[in-house]
Amino acid sequence: PAQLLDRLERLALVDFRDAEGVERLQEAIRFAEQLQEVNTDGVEPMDSVLEDRCLYLREDDVTEGNCAKELLKNAREKVEEYFVAPPGNIPLPKLDEQETVLRGS
Amino acid sequence: LAPWVPVVGLEIHAQISSNSKLFSASQVQFAAPPNSLVSFFDASLPGTLPVLNRRCVEAAVMTGLALNCSINKRSLFDRKHYFYADLPAGYQITQQRVPIAVNGSLSYSLCIDNKMSQMVTRTVRIKQIQLEQDSGKSLHDDTRSQTLVDLNRAGVGLMEVVMEPDMCCGEEAAAAVRELQLILQTLGSSQAVMAEGQLRVDANVSVHHPGEPYGVRTEVKNINSIRFLAKAVDYEIQRQIEELENGRTILNETRAFDSKLGCTVPMRDKEGEQDYRFMPEPNLPPLILYDAESLPANMDHQQVVNIDWIHERLPDLPSVKRAKLVEQYGILPEHSFTLLNEDGLMEFFENTVKQTQMKPRKVIGWILNDLLSYLKKHSLTVKESPVSSLLLGDLLNLLERKDITAAAAKQVLAELWKGEGKSPLEIIKEKKLEVIQDHKELEQICQAVIDGHENEVIMVVLG
């Protein structure tokens with residue numbers, strides 16, 4: 001269970017030590033649970049409102065690109081036409097390296 | 001000690017050979033100035049939408065048909081979410097639920113005992129083929145603690161070929177991938193050059209005892225050639241066996257193959273299982289494919305992908321080409337494998353056969369033993385051969401007409417390799433390699449030898 005919580009914290013990036021955060025999360029779950037009230041027996045789930053449309057197929061021609069300058073305008077940092085990003089996935093400290101205190105339930 | 005059964009499955013990503021990307025019209029090209037082949041959609045700027053490239057669909061259908069798959073006339077696109085600097089949208093558009101092709105098979109051949117003379121055929125099941133987007137490229141700069149991102153590759157079309165875990169060792173995996181590579185190159189759906197990242201292979205490896213359930217599997221990435229694939233798989237099998245025999249457990253992790261050290265190491269960024277939060281791609285309706293039967297009467301041709309039309313136009317696959325070579329030229333099956341394995345060798349062989357009266361069964365020896373070993377020794381491709389099929393054909397004609405001996409022919413060939421532009425006839429004249437036809441001359445030579453070796457003659461006469 002402690003590992004499960006740690007895993008959930010990492011995925012959701014929600015801090016379970018914070019009582020307010022936990023309450024907000026509970027509210028969100030309660031809100032989403034309203035979906036269960038709808039009777040969906042015999043109804044196929046809909047993926048997309050476009051499901052009756054025809055998927056348009058494009059010819060294999062090159063008509064875009066060559067706009068590095070424009071794209072890089074939005075970049076806060078750049079190095080010779082490369083976007084700059086922070087290094088890899090910065091791992092959160094491991095389970096035993098931090099105190100996990102849960103309030104409420 | 002109970003025997004171990006290794007189980008190997010492969011996930012192969014083949015870059016589709018097309019002018020533009022899967023969902024955008026920016027160009028697909030290997031080396032180009034960073035971020036010069038990127039459209040607004042590829043950079044995931046708000047307000048952009050995916051538009052499917054017809055050529056990519058056709059490539060996937062061709063590949064599915066060549067691998068004996070059932071083509072799904074209705075397939076769906078999904079989003080696979082994860083965070084990485086080279087995936088600007090934060091998700092990859094793929095086909096997880098209903099891919100374009102399923103349930104196929106790939107047959108490949110292996111030499112047992114490392115001898116070319118004993119070949120066995122094995123089959124690996126293809127679970128599915130799906131269309132998906134490639135990600136950009138990250139260059140890690142550890143000194144400055146940053147990552148440089150080039151999105152040229154972001155959005156390029158990929159066919160992911162998922163193979164069932166029907167293989168048991170590095171050799172089988174390598175042979176299967178080699179055959180797939182040849183098929184893709186024959187179809188033209190992918191150029192499948194591993195060195196340029198057009199063919200990427202990840203291996204899933206586990207071991208278990210016979211009769212027991214499958215063991216925990218690890219995923220091995222960063223395999224950059226077919227040779228390394230065999231090494232990586234075999235190393236991982238051995239590593240897992242050793243761990244288990246020493247009472248330890250195998251972690252369900254992703255490991256990288258280190259080609260310098262020849263071993264696999266855990267990958268830093270992939271910790272535990274990922275939650276990809278798969279969801280349908282809301283911007284794309286289902287992909288509908290047609291065949292001769294279901295073809296709608298008055299639809300724009302350009303909007304229709306007809307499976308049967310594509311099927312009729314499939315070129316001869318490698319296995320068919322090999323069978324034809326064996327039948328047409330009377331060569332051995334293992335010869336046909338070597339001919340197809342080297343780029344251009346089959347054409348060279350056929351051209352040489354056209355040039356000469358020598359039987360193909362004899363020509364093949366000169367191609368595989370002399371020509372090929374020379375090329376290998378000097379790391380040349382068939383295209384770079386200093387000896388053309390015309391020259392070789394001429395030489396073999398001289399041999400066939402018995403103007404020279406086989407030994408002499410080899411000498412002439414050695415001269416021809418130098419590529420000095422001399423013809424076989426010129427070399428023969430130069431080195432006086434012609435077979436002496438004149439009986440009188442032959443008699444004189446024999447007499448001279450006998451005269452010069454009196455003692456030996458006496459020994460022979462005495463018996």
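Only heavy atoms go into these numbers, but all of them, side chains included; no hydrogens, no water, no symmetry mates. Naming convention: chains lettered A, B, ... in sequence-line order (proteins, then strands); numbering from 1 in each chain.
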Trainee: If you measure from the Lys or Arg side-chain nitrogens to the Asp or Glu carboxylate oxygens, is any gap between Arg53(A) and Glu51(A) under 4.0 Å?
Mentor: no
Trainee: Looking at Lys73(B) and Asp291(B), does any basic side-chain N land under 4.0 Å from a carboxylate oxygen?
Mentor: yes
Trainee: By a 4.5 Å heavy-atom criterion (distance strictly below it), what part of Phe41(B) contacts chain A: side chain, backbone, both, or neither?
Mentor: neither
Trainee: Measure distances from Arg97(B) to the heavy atoms of chain A and classify the residue's part below 4.5 Å as side chain, backbone, both or neither.
Mentor: side chain
Trainee: So, are Asp134(B) and Arg200(B) salt-bridged, with charged N and O less than 4.0 Å apart?
Mentor: yes
Trainee: Can you list the residues of residues 57-65 of chain A that sit under 4.5 Å from chain B, counting heavy atoms only?
Mentor: Leu57(A), Arg58(A), Glu59(A), Asp60(A), Asp61(A), Val62(A), Thr63(A), Glu64(A), Gly65(A)
Trainee: Which bit of Leu148(B) is near chain A, if near means a heavy-atom gap under 4.5 Å: side chain, backbone, both or neither?
Mentor: both
Trainee: Non-hydrogen atoms of chain A under 4.5 Å away: do they reach the side chain of Met299(B), the backbone, both or neither?
Mentor: side chain
Trainee: Could you tell me which portion of Glu80(A) (side chain, backbone, both or neither) has an atom closer than 4.5 angstrom to a non-hydrogen atom of chain B?
Mentor: backbone
Trainee: For Thr94(B), enumerate each residue passing the side-chain contact (heavy atoms from CB on, under 4.5 Å) test, keeping only those at least two apart in sequence or located in another chain.
Mentor: Lys80(B), Gln92(B), Gln130(B), Glu132(B), Phe278(B)
Trainee: Quick check: does any side chain N or O of Asp42(B) sit under 3.5 Å from a backbone N or O of Ser39(B), one acting as donor and the other as acceptor?
Mentor: yes
Trainee: State, to 0.1 Å, how close Ser138(B) and Thr147(B) come at their nearest heavy-atom pair, and which atoms those are.
Mentor: CB-CG2, 3.6 Å
Trainee: Which region of Leu22(B), side chain (C-beta onward) or backbone (N, CA, C, O), has a non-hydrogen atom less than 4.5 Å from a non-hydrogen atom of chain A, or is it both or neither?
Mentor: backbone
Trainee: Is it true that a side-chain atom of Ser190(B) and a backbone atom of Gln15(B) form a donor plus acceptor pair closer than 3.5 Å?
Mentor: yes
Trainee: Given heavy-atom pairs under 4.5 angstrom as the criterion, report whether the side chain, backbone, both or neither of Tyr82(B) touches chain A.
Mentor: neither
Trainee: Does any heavy atom of chain A fall under 4.5 Å from the side chain of Asn283(B), the backbone, both, or neither of them?
Mentor: backbone
Trainee: Do Ile71(B) and Leu289(B) have side chains that get closer than 4.5 Å, going by heavy atoms?
Mentor: yes
Trainee: Looking at chain A, which one of Leu287(B), Val305(B), Ile288(B) has the largest number of heavy-atom pairs inside 4.5 Å, strictly under?
Mentor: Leu287(B)
Trainee: Quick one, Phe23(B) and Val51(B) - any side-chain contact, counting heavy atoms below 4.5 Å?
Mentor: no
Trainee: Return yes if some donor-acceptor pair links the side-chain N/O of Asp150(B) with the main-chain N/O of Tyr82(A) below 3.5 Å, else return no.
Mentor: no
Trainee: Are the charged groups of Glu27(A) and Arg24(A) less than 4.0 angstrom apart, N to O?
Mentor: no
Trainee: Can you list the residues that meet the salt bridge (charged side-chain N to carboxylate O under 4.0 Å, His left out) rule with Asp308(B), with sequence neighbours excluded?
Mentor: none
Trainee: Below 4.5 Å, heavy atoms only, C-beta onward: do Gln95(B) and Val98(B) meet side chain to side chain?
Mentor: no
Trainee: Answer yes or no: is there a donor N or O on one side and an acceptor on the other, between the side chain of Lys21(B) and the main chain of Leu37(B), under 3.5 Å?
Mentor: yes
Trainee: Looking at chain B, which one of Cys67(A), Cys54(A), Ala68(A), Ala75(A) has the largest number of heavy-atom pairs inside 4.5 Å, strictly under?
Mentor: Ala68(A)
Trainee: As an exercise: rank Arg277(B), Arg54(B), Gln302(B), Gln27(B) by heavy-atom pairs under 4.5 Å with chain A and give me the winner.
Mentor: Gln302(B)
Trainee: Chain A contacts: which residues in residues 56-63 of chain B have a non-hydrogen atom closer than 4.5 Å to it?
Mentor: Val57(B)
Trainee: For the residue pair Glu81(A) and Asn35(B), what are the closest heavy atoms and their distance?
Mentor: O-ND2, 2.7 Å
